[in-house]
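Encoded as structure tokens, the structure appears first; notes follow it.
These figures come from a predicted structure and were not determined experimentally. The chains referred to below are lettered A, B, ... by the order of the sequence lines, with proteins before strands, and numbering in each begins at 1.
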Protein chains: 2
Amino acid sequence: MSKNTVNPKNVSDLASLFDALSDPTRILIIHALLEGEVGVGELVEHLGLTKSAVSHQLRGLRDKRIIRTRKQGRNVFVSIDDEHVVDLFQRGLDHILHG
Amino acid sequence: MSKNTVNPKNVSDLASLFDALSDPTRILIIHALLEGEVGVGELVEHLGLTKSAVSHQLRGLRDKRIIRTRKQGRNVFVSIDDEHVVDLFQRGLDHILHG
DNA sequence: CAAATAGTTGAGCAACTATTCAACTATTTA
DNA sequence: TAAATAGTTGAATAGTTGCTCAACTATTTG
């Protein structure tokens, strides 16, 4: 029973959650996924980075269970796995736009 | 008039906003400020870091207008300047705690 | 099976970050 | 005014991060 809601584990988890949204490339990836599933190839084209760079970022987001990937043939499709993160994203965006 | 709400400036602003919350030390600072104004000395004691480390972090948060500082004699008191960030913080915390 | 295509992985690197240390400023107190 | 106290600043540093490159795996197509 933790008396205080903010024990060391929670602190690092919380930092890690926000860290997932703390980089422009990841912001663009999540933004692209807001409307639904997107292929890795599309992301690569849209972001203008190498496949490798995108793949590395996707792995980080998948490790944090923020996205999910599905393989179909030789293509991989990416979608949001954590709707709470979408909520944070939208609120953050609201804040910087009309805030 | 930007057609898309996510132009490059918005992307980097949004990443920067979440970046403010992406580090354990800053999480602890903001958490400590949730109940109201706190002195820098108290923060130093509470965080177990040097005055310098805390001061550097406070400067970063102040530059982003997330906190405000007030000097009284030789003490400096810190408080939240951006309530939207409190909202993001609370939602993030809710998320990692229950769900 | 060979070639082409889609994506992943690990190494390496340049840029960035969080912290400490030492020196500094500002304020109070003896 | 000298000493003590509270905090800031800039340089140095250890560790992290985001990217590219080259090599790899997996799948499809000729």
Please report, rounded to the nearest Å, how far the [atom2] atom of [N] is from the [atom1] atom of [X].
{"X": "B:Asn75", "N": "D:dA4", "atom1": "CG", "atom2": "P", "value": "18 Å"}
{"X": "A:Arg59", "N": "C:dA11", "atom1": "CZ", "atom2": "C1'", "value": "12 Å"}
{"X": "A:Arg70", "N": "D:dA26", "atom1": "CZ", "atom2": "C1'", "value": "17 Å"}
{"X": "B:Ile27", "N": "C:dT17", "atom1": "CD1", "atom2": "P", "value": "17 Å"}
{"X": "A:Phe77", "N": "C:dT8", "atom1": "CZ", "atom2": "P", "value": "12 Å"}
{"X": "B:Asp63", "N": "D:dT8", "atom1": "CG", "atom2": "P", "value": "12 Å"}

>> Looking at every non-hydrogen atom in both residues, tell me the closest pair between A:Asp81 and A:Ile67 and how far apart they are.
In response: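 Of all heavy-atom pairs spanning A:Asp81 and A:Ile67, the closest is CB-C, 3.6 Å.
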> Any idea which heavy atoms bring B:Ile27 and A:Phe18 closest together, and the distance?
Replying inline: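 Scanning both residues completely, I find the closest heavy atoms to be CD1-CD1, 4.1 Å.
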>> I'd like to check B:Asn10 versus B:Asn7 (side-chain heavy atoms, cut-off strictly below 4.5 Å). Are they in contact?
In response: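 SC-SC contact between B:Asn10 and B:Asn7 confirmed.
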> Can any side-chain N or O of B:Arg26 pair as donor or acceptor with the backbone N or O of B:Asp19 at less than 3.5 Å?
Replying inline: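 Answer holds: yes.
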> Has the side chain of A:Lys64 got a donor or acceptor atom that lies under 3.5 Å from a matching backbone atom of A:Ser16?
Replying inline: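 Yes: the side chain of A:Lys64 pairs with the backbone of A:Ser16.
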> Looking only at side chains, do A:Ser79 and A:Arg70 share a donor and an acceptor under 3.5 Å apart?
Replying inline: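 There is no such pair (donor and acceptor under 3.5 Å, judged by atom type) between the side chains of A:Ser79 and A:Arg70.
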> Relative to the 5' end of DNA chain D, which residue comes earlier, A:Lys71 or B:Ser55, by the nucleotide with the nearest heavy atom?
Replying inline: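 By nearest-heavy-atom nucleotide position, the 5'-most residue is B:Ser55.
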> Any salt bridge between B:Asp82 and B:Arg65, counting N to O under 4.0 Å?
Replying inline: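 Result for this pair is no, no salt bridge flagged.
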>> Under a 4.0 Å threshold between the charged nitrogen and the carboxylate oxygen, would A:Arg59 count as salt-bridged to A:Asp63?
In response: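 Result for this pair is no, no salt bridge flagged.
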> Heavy-atom count around B:Glu45 CD within 6.0 Å, excluding the residue itself: above 12?
Replying inline: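 No.
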> Considering only side-chain heavy atoms of A:Val40, which listed nucleotide, C:dG7, C:dT9, D:dA6, is closest?
Replying inline: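 Out of C:dG7, C:dT9, D:dA6, the nucleotide with an atom closest to A:Val40's side chain is C:dG7.
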>> As a test of reading the structure: which of D:dA26, D:dA6, C:dG7 is closest to the side chain of B:Lys51, going by heavy atoms?
In response: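 Side chain of B:Lys51 sits closest to D:dA6.
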Using the 3.5 Å cut-off, write out each protein N or O paired with an N or O of nucleotides 28-30 of chain D and the distance between them.
none

>> At under 4.0 Å between heavy atoms, how does the protein contact nucleotides 18-23 of chain C? Give one character per nucleotide, 5' to 3', with B, S or -.
In response: SBBB--
